[in-house]
Amino acid sequence: MLELKSLTKTYKTGDKALNDVSLTVPEGQVVGLIGPSGAGKSTLIRCINRLVEPTSGSVSISGRSITGQGQRELRAMRRRIGMIFQEYALVERLTVMENVLSGRLGYVGFWTSFTRRYGADDIGLAYRLLDRVGLMHQADKRADALSGGQRQRVGIARALAQEPELLLVDEPTASLDPKTSRQIMRLLIEICAERNLPAIVNIHDVPLAQQFMQRIIGLRAGEIVFDGPADALGETVLTEIYGAEDWNAMRKGAEEDESAEAEQAAELARLGA
Ligand code: ADP
């Protein structure tokens, strides 16, 4: 379980990015974090693993506080937090397998990480994870030879190789087409359910969040303005979170994506593909 209590962040510039944010995410629950640019979504995610130091308030994971820990304990706790990024953050010239194994780096000794000679247990784990994300047969390919969707699957397998207690996911589908985005989102949701993992997903695509997330939290100007199930997230609340103009533009964009996809499918059907 992840627990934030009265989390506040004021940057040195005086920007108050988070104001008294409290929330709990139980095991196995995936929360979609939505809100306009500048609402504080990235700050919230980064305060959880203390890449950004909160000004006040506390964060605890599985009952252990991460705020107030020294560097050594912080490092040990960060191992248990899997991060998945928009731009995948893979090492391009390494293979898929090596990228997944790099999720073990926090656990292995200096010599293993230096020589990259992992033990049989780590390799076995990496194969099982590659199988789970559908990349068993790509293990020896270089990361730069993969499609966007495959790269994000590697990113997911690498985060799972850390054997995390929590997943923090930052715009996982921002670089993907609509169909691949849905596949990746479905995979994330399934994996969290299978492993009873709590997750927070920073997601800019509201229709996608509504389709997949059990719970959505809306941030505006550093404060939670909505916290509830996707079907309670109506037009009024969305307009409150984003403002009328931005919300209408976003909705129109989603409709265009869908009709382009339908047209493409019809074209393929005509060609007998
Ligand atoms: P979001 O991810 O929702 O776009 P951010 O967390 O990036 O929002 O930003 C929230 C607020 O904090 C914004 O006003 C932004 O300008 C400010 N901010 C973010 N990072 C920094 C920083 N490193 N230094 C100063 N202000 C920052």
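Note that ligands are numbered from 1 as they come in the structure, with each ligand's atoms numbered from 1 the same way. The analysis underlying the following values was restricted to heavy atoms, covering all of them including side chains, and did not include hydrogens, waters or symmetry mates. Note that the structure is predicted; figures quoted are calculated from it, not measured.
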Quiz item: Any idea which atoms of ligand 1 are less than 4.0 Å away from a heavy-atom of Ala39?
Solution: 1 (P), 3 (O), 8 (O)
Practice problem: Flag atom 15 (C) of ligand 1 as yes if some protein heavy-atom distance to it falls below 4.0 Å, otherwise no. | Solution: no
Quiz item: If Ile, Leu, Val, Met, Phe, Trp and Tyr residues are connected whenever their side-chain heavy atoms lie under 4.5 Å apart, and connections chain through other members, are Ile61 and Leu51 in the same group?
Solution: no
Quiz prompt | From the candidates Gly38, Ala17, Pro36, the one that places a heavy atom nearest atom 4 (O) of ligand 1 | solution = Gly38
Quiz item: Near Lys41, which atoms of ligand 1 are under 4.0 Å from a heavy atom of that residue?
Solution: 1 (P), 2 (O), 3 (O), 4 (O), 6 (O), 8 (O)
Quiz item: For atom 5 (P) of ligand 1, what is the nearest protein heavy atom, given as residue, atom name and distance?
Solution: Thr43 OG1, 3.7 Å
Quiz item: What are the atoms of ligand 1, with element, lying closer than 4.0 Å to any heavy atom of Asp15?
Solution: 14 (O), 26 (N)
Quiz item: Quick one: CD1 on Ile216 to CD1 on Ile34, what's the gap to the nearest 0.5 Å?
Solution: 5.5 Å
Quiz item: Using 4.0 Å as the upper bound for N to carboxylate O, is an ion pair formed by Arg64 and Glu165?
Solution: yes
Practice problem: Give a yes/no on ligand 1: does Gly35 have at least one heavy atom closer than 4.0 angstrom to it? | Solution: no
Quiz prompt | Distance, nearest 0.5 Å, that separates CD of Glu194 from CD1 of Ile189 | solution = 12.0 Å
Self-check item: Euclidean distance, Thr236 OG1 relative to Glu240 CD, rounded to 0.5 Å
Solution: 9.0 Å
Quiz item: Are side-chain heavy atoms of Leu208 and Ile203 found at a separation under 4.5 Å?
Solution: yes
Self-check item: Option among Arg142, Lys141, Arg151 that satisfies the salt bridge (charged side-chain N to carboxylate O under 4.0 Å, His left out) test with Glu92
Solution: Arg151
Exercise. Among all protein heavy atoms, pick the one closest to atom 23 (N) of ligand 1 and tell me residue, atom and distance.
Key: Tyr11 CE2, 3.7 Å
Self-check item: For atom 2 (O) of ligand 1, closest protein heavy-atom neighbour
Solution: Ser42 OG, 2.7 Å
Quiz item: With a 4.5 Å limit on heavy-atom distance, are the side chains of Ser181 and Ile184 in contact?
Solution: no
Quiz item: Numbering the atoms of ligand 1 from 1, which are under 4.0 Å from a heavy atom of Thr13?
Solution: 25 (C), 26 (N)
Practice problem: Could you check atom 8 (O) of ligand 1 against the protein and tell me its nearest heavy-atom contact, residue, atom and distance included? | Solution: Gly40 N, 3.1 Å
